[in-house]
Amino acid sequence: MSNILRRGRLVSTPDEDIMKFTSSMRSDKWIFDADIMVDFAHTIMLKEQRIIKEEDCSSILRGLLCIREEGIEQLDHTYEDIHISLESRLIDMVGEDVGGRMHSGRSRNDEVATCIRLTLREELLALMEELHALRNTLCSLAAENLKTIMPGFTHLQHAQPTTLAHHLIAHMDALGRDIDRLRSAYSRVNLCPLGAAAFASTGFNIDRERTRQLLGFEGLVENSMDAVSSRDFLIECTAVLANLAINLSRMAEELVIWSTSEFAFIELDDRYASTSSIMPQKKNPDTAELLRGKSGVVAGSLMALITTCKALPLSYNRDLQEATPNMWRAMETARSSVRMMEGMISTIKVNKETMASKSVMGFTTATELADTLVRATGIPFRTAHQIVGVLARENEDIHLQQIDAVADKVLGTKLSSKGLTEEMIYEALDPISNIRKRKVIGGPAFKEMEQAIIRRKRAMKQEDKEIRALRNASEVSLKALIELVEQYTKHVKCDQQM
Ligand code: ARG
């Protein structure tokens, strides 16, 4: 049959090159399932509002069920988008007198916005579940490594002793903020633009509340012009994804450097490694490197998306078609990155001895020594900082004698005369006692970290509950919609219509 969209107004047809340039069919694979659900809801509402007859409603729904079963591959890919291709297939199946009624009171503008929001809702849920799993894995590894001592870094230079648990919980908490942001974005994604039609709504007596409810959206994007024009929800989500990807890239970078012979803190499982085509001994952390690299794809997607939306006048503009795939690319990349990170962390081998032995390299206990001088002798911290700085520059071995010699030069007094003892120095230079002393809230002390992990495990249960509740609300509505469709189509056979 001739093109159902162009046959009226337009005469000449675009060639393949033009179609390739203008069509969104390739990225519309993301919204195929959603489009059918949106068609289901809209058709049922049309029937309930007596805009179409019950038997037409049943035939349309049956046709849609068949198209759903056939899958996107069976659709005509020479159409400019999934919506018109799907409608054309439906009309092929049930005839124009029936199928041609489905698009009453609707435009592709509100249709596509609804499809994107519905699909994105499911993607956000899946991502939150995956991210929750990664946070769980980090928390478990931290619990196993409460007493795994390691050097902490600033400027990538050995700084102070800490524990692997302390380090891992830092990443877990950063990813917790990513989940919070996803949850917040979700509430603005889960709103229904359907019924806005092209932008000015419609003169048909449609029921927007009903389609909203059938599709399980929490509310409406009320203003019909805003409903079809705005893509701020895409920008917001992609910005959240960019932040997440950057957080992951920082973890990935550590996995890469911690795997080097210089660090040798960890070993990745072989499944996440590659080898060299020439150097037979090589075990390279390629998955972590790719994760680091792919964060650039997510950040770049945000830039492309935001630039596409810039300065677009209201309401719908075709530019918007170019905006959406950036978000899908960012989503796919972020989700797989989260899964890879979870896999690497859950199979990681930690070299506890190496970490511990390097925890004092580079005089990491210098801060505690300076603090000890302050507490034992009452000298100002700045003076103690100078004394220990000189010691760090000049001495391998640090005992009372060396400290007294430097203090004598700097202060004109020996610190032993002010109460400093050899035992105090010994304790200050011990990494374990360093960590034990750092017991303020959020510090690495074993007892504090134990409590911190207990608090997080409790919070994780709540997080799990909340994600499950969202998942459940979405599933219940979509299941109810399918059941309704099945009721309407009970007596209509698929092949009767073909
Ligand atoms: N493929 C289009 C998009 O993604 C669907 C909406 C088309 N609307 C239109 N007026 N041409 O934005």
Fill in: Side chains of Asn190 and Arg117 in contact at under 4.5 Å (non-hydrogen atoms)
no

Practice prompt. Specify the closest pair of heavy atoms between Ile67 and Leu75, including all atoms of both residues, with the distance to one decimal.
Written response: CG2-CD2, 4.0 Å

Worksheet entry | Gap between atom OG of Ser229 and atom CG of Asn317 - 0.5 Å precision | 8.0 Å

Item to complete: Might you work through the side chain to side chain donor-acceptor pair (under 3.5 Å) test for Asn247 and His171, ending with a clear yes or no?
Response: CA-CA 8 Å; Asn247 278 336; His171 286 307; over 6 Å; no

Item to complete: Measure from the side-chain N and O atoms of Ser23 to the backbone N and O of Lys20, and report whether any donor-acceptor pair falls under 3.5 Å.
Response: no

Worksheet entry | Residues, nucleotides or ligands: over 12 heavy atoms within 6.0 Å of Glu394 CD | yes

Discussion item. So which atom in Asp319 and which in Thr308 form the shortest heavy-atom distance, rounded to 0.1 Å?
Written reply: O-CG2, 3.5 Å

Worksheet, complete the sentence: dist Asn472:CG -> Lys465:NZ (nearest 0.5 Å) comes out at 13.5 Å

Worksheet item: So, the side chain of Thr364 versus the backbone of His158: is there a donor-acceptor pair under 3.5 Å, distance only?
Response: no

Item to complete: Work out which heavy atom in Met327 is nearest to a heavy atom in Leu241; give both atom names and the distance.
Response: O-CD1, 4.4 Å

Practice prompt. Kindly indicate whether the side chain of Leu118, heavy atoms from C-beta on, has any atom under 4.5 Å from the side chain of Phe217.
Written response: yes

Item to complete: Provide the closest heavy-atom pair for Ile425 versus Ile398 in the form atom of the first, atom of the second, distance.
Response: CG2-O, 4.0 Å

Item to complete: Considering only NZ, NE, NH1 and NH2 on the basic side and carboxylate oxygens on the acidic side, decide whether Lys294 and Glu332 come within less than 4.0 Å.
Response: no

Worksheet item: How far apart are the C-alpha atoms of Thr365 and Asn434, what are their side-chain angles, what is the distance that settles it, and do they pass the side chain to side chain donor-acceptor pair (under 3.5 Å) test?
Response: CA-CA 7 Å; Thr365 51; Asn434 267 249; 5.1 Å; no

Item to complete: May I have the step-by-step check of side-chain contact (heavy atoms from CB on, under 4.5 Å) for Tyr186 and Leu120, ending in yes or no?
Response: CA-CA 9 Å; Tyr186 185 93; Leu120 179 52; over 6 Å; no

Discussion item. What verdict does the side-chain contact (heavy atoms from CB on, under 4.5 Å) test give for Ile179 and Glu466, after you've listed the backbone C-alpha separation in whole Å, the side-chain angles of each residue and the deciding distance to 0.1 Å?
Written reply: CA-CA 11 Å; Ile179 287 218; Glu466 282 173 26; over 6 Å; no

Worksheet item: Can you name the residues that form a side chain to side chain donor-acceptor pair (under 3.5 Å) with Asp464, not counting sequence neighbours?
Response: Arg468

Discussion item. Test your reading of the model: is there a side-chain donor-acceptor pair from Ser477 to the backbone of Leu215, 3.5 Å cut-off?
Written reply: no

Discussion item. Listing request: all ring pair (Phe, Tyr, Trp, His ring centres under 6.0 Å) pairs with a residue in residues 433-452, at least two apart in sequence or in separate chains.
Written reply: none

Worksheet item: Checking side-chain contact (heavy atoms from CB on, under 4.5 Å) for the pair Phe265/Asn351: CA distance, chi angles, key distance, verdict?
Response: CA-CA 5 Å; Phe265 283 3; Asn351 298 330; 5.8 Å; no

Worksheet item: So, does Asn145 use its side chain to make a donor-acceptor pair with the main chain of Leu164 at under 3.5 Å?
Response: no

Worksheet item: So, do Leu156 and Ile257 sit near enough that their side-chain heavy atoms are less than 4.5 Å apart?
Response: yes

Discussion item. Can you confirm whether more than 12 heavy atoms, excluding those of Glu222, are under 6.0 Å from its CD atom?
Written reply: no

Practice prompt. Quick one: pull up OG1 in Thr148 and CD in Glu353 and give me the separation to the nearest 0.5 Å.
Written response: 9.0 Å

Practice prompt. Search all heavy atoms of Leu481 against all heavy atoms of Met37 and return the closest pair with its distance.
Written response: CD2-O, 3.7 Å

Worksheet item: Step by step, would you call Lys147 with Glu450 a salt bridge (Lys or Arg N to Asp or Glu O under 4.0 Å)?
Response: CA-CA 10 Å; Lys147 299 203 164 171; Glu450 209 168 18; over 6 Å; no

Worksheet item: Counting distance only, does the side-chain N/O of Ser433 pair as donor-acceptor with the main-chain N or O of Leu429 below 3.5 Å?
Response: no

Worksheet, complete the sentence: Quick note, salt bridge (Lys or Arg N to Asp or Glu O under 4.0 Å) partners involving residues 372-383, not counting sequence neighbours, are Glu368-Arg375

Worksheet entry | Under 3.5 Å donor-acceptor, Asn243 side chain and Val240 backbone | no

Worksheet item: Counting only N and O atoms by type, is there a donor-acceptor contact under 3.5 Å from the side chain of Ser24 to the main-chain atoms of Ser27?
Response: no

Worksheet item: For residues Gln160 and Thr367, is any side-chain donor paired with an opposing acceptor at under 3.5 Å?
Response: yes

Discussion item. Using modelled atom types and a 3.5 Å cut-off, is there a donor and acceptor pairing between side-chain atoms of Gln386 and backbone atoms of Thr383?
Written reply: no

Practice prompt. Identify the residue among Met341, Glu342, Arg335 that makes a side-chain contact (heavy atoms from CB on, under 4.5 Å) with Arg339.
Written response: Arg335

Worksheet item: Would you say the side-chain atoms of Arg188 pair up with the backbone N or O of Phe233, donor to acceptor, closer than 3.5 Å?
Response: no

Worksheet item: Within a radius of less than 6.0 Å around NZ of Lys414, do more than 12 heavy atoms belonging to other residues, nucleotides or ligands occur?
Response: no

Worksheet item: Would you call Arg456-Asp173 a salt bridge at under 4.0 Å N-O?
Response: yes

Worksheet item: Does some side-chain heavy atom of Thr413 sit less than 4.5 Å from a side-chain heavy atom of Asp408?
Response: no

Discussion item. Any non-hydrogen side-chain atom of Leu244 less than 4.5 Å from a side-chain atom of Val338?
Written reply: yes

Discussion item. When you measure from the side chain of His385 to the backbone of Pro380, do you find a donor-acceptor pair of N or O atoms at a distance under 3.5 Å?
Written reply: no

Worksheet item: How about Ile482 and Phe40: do any of their side-chain heavy atoms sit closer than 4.5 Å?
Response: yes

Fill in: Interatomic distance, Leu478 atom CG to Leu214 atom CG [nearest 0.5 angstrom]
10.0 Å

Worksheet item: With a 4.0 Å cut-off, would you call Arg181 and Asp178 a salt bridge?
Response: yes

Worksheet item: Between Phe263 and Phe153, what is the ring plane arrangement, given parallel below 30°, perpendicular above 60°, and tilted in between?
Response: tilted

Worksheet entry | Pairs satisfying salt bridge (Lys or Arg N to Asp or Glu O under 4.0 Å), at least one member in residues 252-271, at least two apart | Glu253-Arg292, Glu267-Lys283, Asp269-Arg271, Asp270-Lys283

Discussion item. When you compare the side chain of Leu290 with that of Met340, does any pair of heavy atoms fall below 4.5 Å?
Written reply: no

Worksheet item: Is Glu144 close to Val350 at the side-chain level, that is, under 4.5 Å between some pair of heavy atoms?
Response: no

Response to the item:
Output for pair (Leu255 CG, Ile345 CD1), nearest 0.5 Å, gives 5.0 Å

Worksheet item: Rounded to the nearest 0.5 Å, how far apart are CZ of Arg108 and OG1 of Thr114?
Response: 14.0 Å

Worksheet entry | Presence of salt bridge, Glu122 and Arg471, under 4.0 angstrom | yes

Worksheet item: Can you name the salt bridge (Lys or Arg N to Asp or Glu O under 4.0 Å) partners of Arg436, sequence neighbours left out?
Response: none

Worksheet item: When you look at Val112 and Leu320, which way does the side-chain contact (heavy atoms from CB on, under 4.5 Å) test go after all the steps?
Response: CA-CA 10 Å; Val112 73; Leu320 292 177; over 6 Å; no

Response to the item:
side-chain contact (heavy atoms from CB on, under 4.5 Å) filter on Val388, not counting sequence neighbours, yields Phe363, Ala366, Leu369, Ala370, Leu373

Worksheet, complete the sentence: What one should report as the nearest heavy-atom pair of Ser276 and Asn284 is N-ND2, 4.3 Å

